[in-house]
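All remarks here apply to the structure that follows.
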Amino acid sequence: PSVTSARYGKDNVRVYKVERDEKTGVQTVTEMTVCVLLEGAIDVSYTVADNSVVVATDSMKNTIYIKAKENPVTPPELFASILGTHFVETYPHITTANIKIVTHRWTRMTIDGKPHPHSFYRDGAETRNVEAVIRKGKGIDIRSGIVGLLVLKSTGSQFHGFVRDEYTTLPETWDRILSTEVDCGWAWKTFSGMAAVRAVVPKFDKAWSDARSITMETFAKEDSPSVQNTMYKMCSSILKAAPEVEAVDYALPNKHYFEIDLSWHKGTQNTGKNAEVYAPQSGPNGLIKVTVGRS
Ligand SMILES: O=c1[nH]c(=O)c2nn[nH]c2[nH]1
């Protein structure tokens, strides 16, 4: 038997970094969870217990903290590229570094109508994610994303005209609740190396901000005929806003809210146009996925 593929490293490395502006007293915080998985000439560590090729995962953890101290940790696309490039340039037998960064939200508090210099709150489980693959001598591939942005609209969503056959019970609707937890990603054109990444650093934050705004504005403004069509429009708008992005993808669960017929109780009308009280469903849920390219 032989190793067909292998990668190893440290997962769930939590990192917090504060940036202190001495002049203004304003402090800025970043909190992220990092995963490093390395590939290369490491098969013998599996097959014949030769540990001479093993960069200990503990050393990788140490490296993440050192690199976070030595370098900016934002935008996450830059820090992921710096971190991955370090590993493939430091160890001759390591050819690929897979870096995942999940950035958590610390939103600055507004106190007395002003941004507070050093107080923040966690406004949701939403994260800003980056997955970077750094291949020695072959460039850097980055996929940025938004995960866990939970949204709901109480109307402005329809679903009708779908297949009706002996398996269909779902009634057609022209007015339904739509709720989903956004998992969105955008893949950048391959960067030749660190210099190419550094050249577009400002575009990473702009793309994330645009993707987030486009997602919420399209979700809110569209009288959605389906999740499929609305997510396609989101992808198209993001591609238009970010020329350096090659493809955009969404995976959207359809988190259903079922009408409850209450007519058994004194003829109470609570369905169709009279529906006000609904049963939010934990599952089953629809799951709609798409990737949209430039062609
Ligand atoms: O937007 C929707 N797309 C679907 O494919 C689907 N199937 N059931 N409900 C649905 N809603």
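Values below: every heavy atom of this structure, side chains too, minus hydrogens, waters and symmetry copies. In listed order, ligands and their atoms are each counted from 1. Positions are given from 1 along the sequence.
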List, for ligand 1, each N/O atom that has a protein N/O partner under 3.5 Å away, with both atom names and the distance.
from, atom 1, to, atom 2, distance (Å)
ligand 1, 1 (O), Arg176, NH2, 2.8
ligand 1, 1 (O), Val227, N, 2.9
ligand 1, 3 (N), Gln228, OE1, 3.0
ligand 1, 5 (O), Gln228, NE2, 2.9
ligand 1, 11 (N), Arg176, NH1, 3.1
ligand 1, 11 (N), Arg176, NH2, 3.3
ligand 1, 11 (N), Asn254, ND2, 3.3

Just to verify, what does Tyr167 make a ring-ring contact (aromatic ring centres under 6.0 Å, His included) with, not counting sequence neighbours? none
Fellow cluster residues of Tyr278, listed by chain then number, with links counted only when side-chain atoms sit under 4.5 Å apart: Leu152, Ile177, Tyr257
According to the salt bridge (charged side-chain N to carboxylate O under 4.0 Å, His left out) rule, which pairs have a member within residues 16-38, sequence neighbours left out? Arg14-Glu31
In the single-linkage hydrophobic clustering (I, L, V, M, F, W, Y; side-chain heavy atoms under 4.5 Å), do Val102 and Trp186 co-cluster? no
Pairing of Glu244 and Lys203 as salt bridge, 4.0 angstrom limit: yes
Given the side-chain rings of Trp188 and Phe204, with only the six-membered ring counted for Trp, is the space between their centroids under 6.0 Å? yes
